[in-house]
A.B. asks: 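What follows is a single structure, and I will ask about it in a moment.
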Amino acid sequence: MDSKDQRLPLTVITGYLGAGKTTLVNHMLRHADGRRIMVLVNDFGDIAVDADLIESQEGDTLTLANGCICCSMGGDLFYALSDALDRQPRPDHLLIEASGVADPTRISEIARAEPELRLDGTIALLDALGFPALVDDAQIGSSLVRQIAAADLIVVSKSDLQAPDALSELKAQVAALAPTARQIEASFGRVPLEVLLGSLSPAEVDEIPQGCAHYGHSGHDHANHDHAEDHEDLYSRWSLARDCIFGQQELADVLKDLPAGLLRLKGFVKLDGCWALVQAVGGRVEIESLPRVPDHIKHTTLVAIGLKGQMDTVELNRLFSR
Ligand SMILES: Nc1nc2c(ncn2[C@@H]2O[C@H](COP(=O)(O)OP(=O)(O)OP(=O)(O)O)[C@@H](O)[C@H]2O)c(=O)[nH]1
């Protein structure tokens with residue numbers, strides 16, 4: 001990079017619902033090593049939960065909630081970018097964590113139109129466990145292919161959950177779909193920041209053990225992709241924000257019965273005396289006890305996303321009714 005280049009470097013982080021984007025962003029923030037990284041996060045769910053999961057300094061997270069930036073929020077994205085650019089002092093790097101259904105090409109096009117930004121690259125998270133089934137899905141597959149095709153670096157997340165043979169097969173499949181992107185396996189977003197933010201040369205990256213990747217523009221044309229179908233038509237969203245308290249076992253039982261067709265569920269559940277962060281991706285559920293939640297969360301707050309007509313929202317209401 002030209003050291004006189006005063007533009008704000010921007011990295012777009014994409015990846016399907018629950019692929020591990022926030023986990024990677026938090027890893028980057030924890031290892032920022034004095035760099036001030038600002039995060040612009042776009043939640044597709046009805047209630048913005050992601051901003052509360054991002055471990056940034058106060059004021060260094062901007063949220064674009066309740067919709068997908070790539071479909072309908074171009075204007076809002078411009079305002080948010082201006083906000084980031086107007087900060088004094090200006091941050092060292094801007095990350096956009098796109099919603100899980102977003103087309104990153106569209107976001108980079110909008111960002112490229114801003115002369116004070118320099119697109120540093122696009123990172124796609126690919127869920128090693130979920131990808132094989134999702135990419136074959138007639139309605140979802142094209143979104144995943146579009147996300148990885150736009151990437152300079154593909155982070156194969158959840159590699160801890162996948163067998164080595166299956167991982168090799170997956171990486172070969174991904175290489176065929178995105179031949180110019182480098183791939184790196186990761187567990188809980190543990191990738192060196194220098195790799196993610198592109199300050200290493202390709203030669204230096206090649207010296208990093210275990211598939212760590214080149215990062216920078218791969219030379220493919222970001223501008224020529226058609227825009228995705230309107231995600232508002234494809235997905236349905238469900239949310240709950242109510243003063244209800246669950247017992248620990250009761251919550252575990254409810255989460256065992258989540259309806260088929262649910263692609264993603266996340267949020268904060270009030271328990272007797274403490275809180276739980278609940279995350280479900282496909283059929284996999286995690287419950288993490290939290291001593292406290294952000295001040296503005298006063299009661300149980302959950303969002304879910306599924307394909308339209310496939311996620312039983314009546315059943316979700318029944319399960320979480322208290
Ligand atoms: N085992 C394992 N779990 C992971 C890994 N990365 C993320 N997860 C878990 O996967 C779930 C989703 O992770 P997030 O980082 O929130 O995913 P996301 O892409 O930001 O999700 P959305 O913003 O809702 O699309 C969480 O329960 C994480 O703890 C990983 O490498 N290994």
Side-chain angles (χ1 to χ4, degrees), residues 11-30 39-56 61 63-70 95-104 107 122-131 134 140 143-144 147-148 151 154-163 166-167 170 183-191 196 210-212 231 234-235 237-239 255 258 262-269 276-290 301-307 311:
T11 299
V12 178
I13 299 186
T14 182
Y16 198 62
L17 298 165
K21 299 177 292 296
T22 303
T23 305
L24 180 85
V25 166
N26 281 337
H27 181 82
M28 294 170 85
L29 293 171
R30 279 184 227 125
V39 184
L40 172 51
V41 60
N42 173 221
D43 250 331
F44 185 65
D46 279 340
I47 303 172
V49 169
D50 257 11
D52 293 320
L53 301 178
I54 288 181
E55 300 167 15
S56 61
T61 302
T63 306
L64 292 173
N66 196 13
C68 176
I69 25 177
C70 86
L95 302 179
I96 296 184
E97 182 188 331
S99 86
V101 302
D103 178 355
I107 299 167
T122 300
I123 301 173
L125 272 291
L126 185 154
D127 178 337
L129 207 58
F131 184 84
L134 290 171
I140 297 172
S143 291
L144 271 78
Q147 289 176 346
I148 60 172
I154 297 170
V155 175
V156 180
S157 65
K158 309 190 189 178
S159 59
D160 52 305
L161 299 176
Q162 192 55 287
L167 268 180
L170 172 67
Q183 297 184 44
I184 180 167
E185 290 171 25
S187 171
F188 291 98
R190 290 184 207 113
V191 180
L196 297 165
Q210 194 282 113
C212 280
H231 304 123
L234 190 56
Y235 292 94
R237 296 180 274 188
W238 171 90
S239 62
L255 294 171
L258 289 175
L262 179 141
L263 295 164
R264 183 78 168 108
L265 171 85
K266 63 183 171 184
F268 302 98
V269 174
L277 169 63
V278 168
Q279 304 249 23
V281 182
R284 199 179 158 80
V285 174
E286 271 179 31
I287 307 172
E288 185 190 336
S289 284
L290 299 176
T301 305
L302 286 166
V303 293
I305 300 169
L307 285 174
M311 181 173 73

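Fair warning: this is a prediction, and the values are worked out from it, not measured in the lab. First listed ligand is number 1; within each ligand, the first listed atom is number 1.
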A.B. asks: Relative to ligand 1, is Thr23 under 4.0 angstrom through side chain, backbone, both or neither, heavy atoms considered?
C.D. replies: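 For Thr23, the contact with ligand 1 is made by both the backbone and the side chain.
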A.B. asks: Mark up the atoms of ligand 1 that fall under 4.0 Å of a heavy atom belonging to Glu97, in ascending order.
C.D. replies: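 In order of numbering, the contacting atoms are 20 (O), 23 (O).
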A.B. asks: Students should be able to answer this: which protein heavy-atom is nearest to atom 27 (O) of ligand 1, and at what distance?
C.D. replies: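 Here the closest protein heavy atom is Glu286 OE1, 3.0 Å.
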A.B. asks: Do Ile123 and Leu24 come within less than 4.5 Å of each other through their side chains, counting heavy atoms only?
C.D. replies: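 The answer is yes, as the side chains (C-beta and beyond) meet within the 4.5 Å cut-off.
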A.B. asks: Going by the atom numbers of ligand 1, which of them fall below 4.0 Å from some non-hydrogen atom of Leu17?
C.D. replies: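 Under 4.0 Å from Leu17, ligand 1 has these atoms: 25 (O).
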A.B. asks: So which of Ile54, Leu40, Asn42 actually passes side chain to side chain contact (heavy atoms under 4.5 Å, CB included) with Glu97?
C.D. replies: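 One option only clears the test, and that one is Ile54.
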A.B. asks: Give yes if a backbone or side-chain nitrogen or oxygen of Ser159 is under 3.5 Å from a nitrogen or oxygen of ligand 1, and no if not.
C.D. replies: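 Among all N and O atoms of Ser159, none is under 3.5 Å from an N or O of ligand 1.
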A.B. asks: Which one holds for Lys21 and ligand 1: side chain close, backbone close, both close, or neither close, with close meaning a heavy atom under 4.0 Å?
C.D. replies: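 Both of them.
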A.B. asks: Do Val25 and Val41 come within less than 4.5 Å of each other through their side chains, counting heavy atoms only?
C.D. replies: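 No, their side chains stay 4.5 Å or more apart.
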A.B. asks: Show the atoms of ligand 1 that are less than 4.0 angstrom away from any heavy atom in Lys266.
C.D. replies: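 In order of number, 22 (P), 23 (O), 24 (O).
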A.B. asks: Any N or O on Gly18 sitting closer than 3.5 Å to an N or O of ligand 1?
C.D. replies: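 Yes.
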A.B. asks: Among all protein heavy atoms, pick the one closest to atom 16 (O) of ligand 1 and tell me residue, atom and distance.
C.D. replies: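 In this structure, atom 16 (O) of ligand 1 has Arg264 NH2, 3.1 Å as its nearest protein heavy atom.
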A.B. asks: What closest approach, in Å, do Asn26 and Glu55 show between heavy atoms, and which atom pair accounts for it?
C.D. replies: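 Scanning both residues, the minimum pair turns out to be OD1-N, 2.7 Å.
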A.B. asks: Pull out every atom of ligand 1 sitting under 4.0 Å from any heavy atom of Ser187, numbered as shown with elements.
C.D. replies: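 Counting atoms of ligand 1 from 1, those under 4.0 Å from Ser187 are 31 (O).
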A.B. asks: Counting non-hydrogen protein atoms only, what is the nearest one to atom 17 (O) of ligand 1? Give residue, atom name and distance.
C.D. replies: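 I find the closest protein heavy atom is Gly20 N, 3.1 Å.
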A.B. asks: Do Asp127 and Arg284 meet the salt-bridge criterion of a basic N to acidic O distance under 4.0 Å?
C.D. replies: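 So Arg284 does not pair with Asp127 through a salt bridge.
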A.B. asks: Roughly how far apart are Leu258 CG and Met311 CE, rounded to 0.5 Å?
C.D. replies: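 If we round to the nearest 0.5 Å, Leu258:CG and Met311:CE are 10.5 Å apart.
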A.B. asks: Would Arg190 count as a contact of ligand 1 if the rule is a heavy atom under 4.0 Å away?
C.D. replies: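 Under 4.0 Å: no for Arg190.
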A.B. asks: Heavy atoms, side chains only, cut-off 4.5 Å: are Val156 and Gln162 in contact?
C.D. replies: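 Not touching, per the 4.5 Å side-chain cut-off.
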A.B. asks: Select the closest option to atom 11 (C) of ligand 1 among Asp127, Ile13, Val281, judged by heavy-atom distance.
C.D. replies: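 Result: the heavy atom closest to atom 11 (C) of ligand 1 is in Val281.
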A.B. asks: Show your reasoning for whether side-chain contact (heavy atoms from CB on, under 4.5 Å) applies to Leu277 and Leu53.
C.D. replies: CA-CA 9 Å; Leu277 169 63; Leu53 301 178; 3.6 Å; yes
A.B. asks: So Tyr235 and Phe44, would you call those rings parallel, tilted or perpendicular, with 30° and 60° as cut-offs?
C.D. replies: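 Ring orientation, 0 to 90° scale: perpendicular.
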A.B. asks: Considering only heavy atoms from C-beta outward, does the side chain of Leu307 approach that of Leu263 to under 4.5 Å?
C.D. replies: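 Of all side-chain heavy-atom pairs linking Leu263 with Leu307, at least one is under 4.5 Å.
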A.B. asks: Please list, in number order, the atoms of ligand 1 under 4.0 Å from a heavy atom of Asp50.
C.D. replies: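 The list of qualifying atoms is 23 (O).
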A.B. asks: Measure the distance from atom 1 (N) of ligand 1 to every protein heavy atom, then report the residue, atom name and distance (to 0.1 Å) of the closest one.
C.D. replies: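 Nearest protein contact, heavy atoms only, for atom 1 (N) of ligand 1 is Asp160 OD2, 2.8 Å.
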A.B. asks: Take Val155 and Leu196, measure what side-chain contact (heavy atoms from CB on, under 4.5 Å) needs, and give me the verdict at the end.
C.D. replies: CA-CA 9 Å; Val155 175; Leu196 297 165; 4.3 Å; yes
A.B. asks: Would you mind running through ligand 1 and noting each atom that sits below 4.0 Å from a heavy atom of Thr22?
C.D. replies: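 Counting from 1, the qualifying ligand atoms are 15 (O), 16 (O), 18 (P), 20 (O).
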A.B. asks: So, do Val303 and Lys266 sit near enough that their side-chain heavy atoms are less than 4.5 Å apart?
C.D. replies: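 Yes, their side chains come closer than 4.5 Å.
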A.B. asks: Just need the protein heavy atom nearest to atom 30 (C) of ligand 1, so name the residue and atom and give the distance.
C.D. replies: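 Checking every protein heavy atom, the shortest distance to atom 30 (C) of ligand 1 gives Phe188 N, 3.3 Å.
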A.B. asks: Below the 3.5 angstrom mark, is there an N/O of Ala19, backbone or side chain, next to an N/O of ligand 1?
C.D. replies: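 Yes, there is a polar N/O contact under 3.5 Å.
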A.B. asks: If we set the cut-off at 4.0 Å for heavy atoms, which region of Lys158 has an atom near ligand 1: side chain, backbone, both, or neither?
C.D. replies: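 Both parts.
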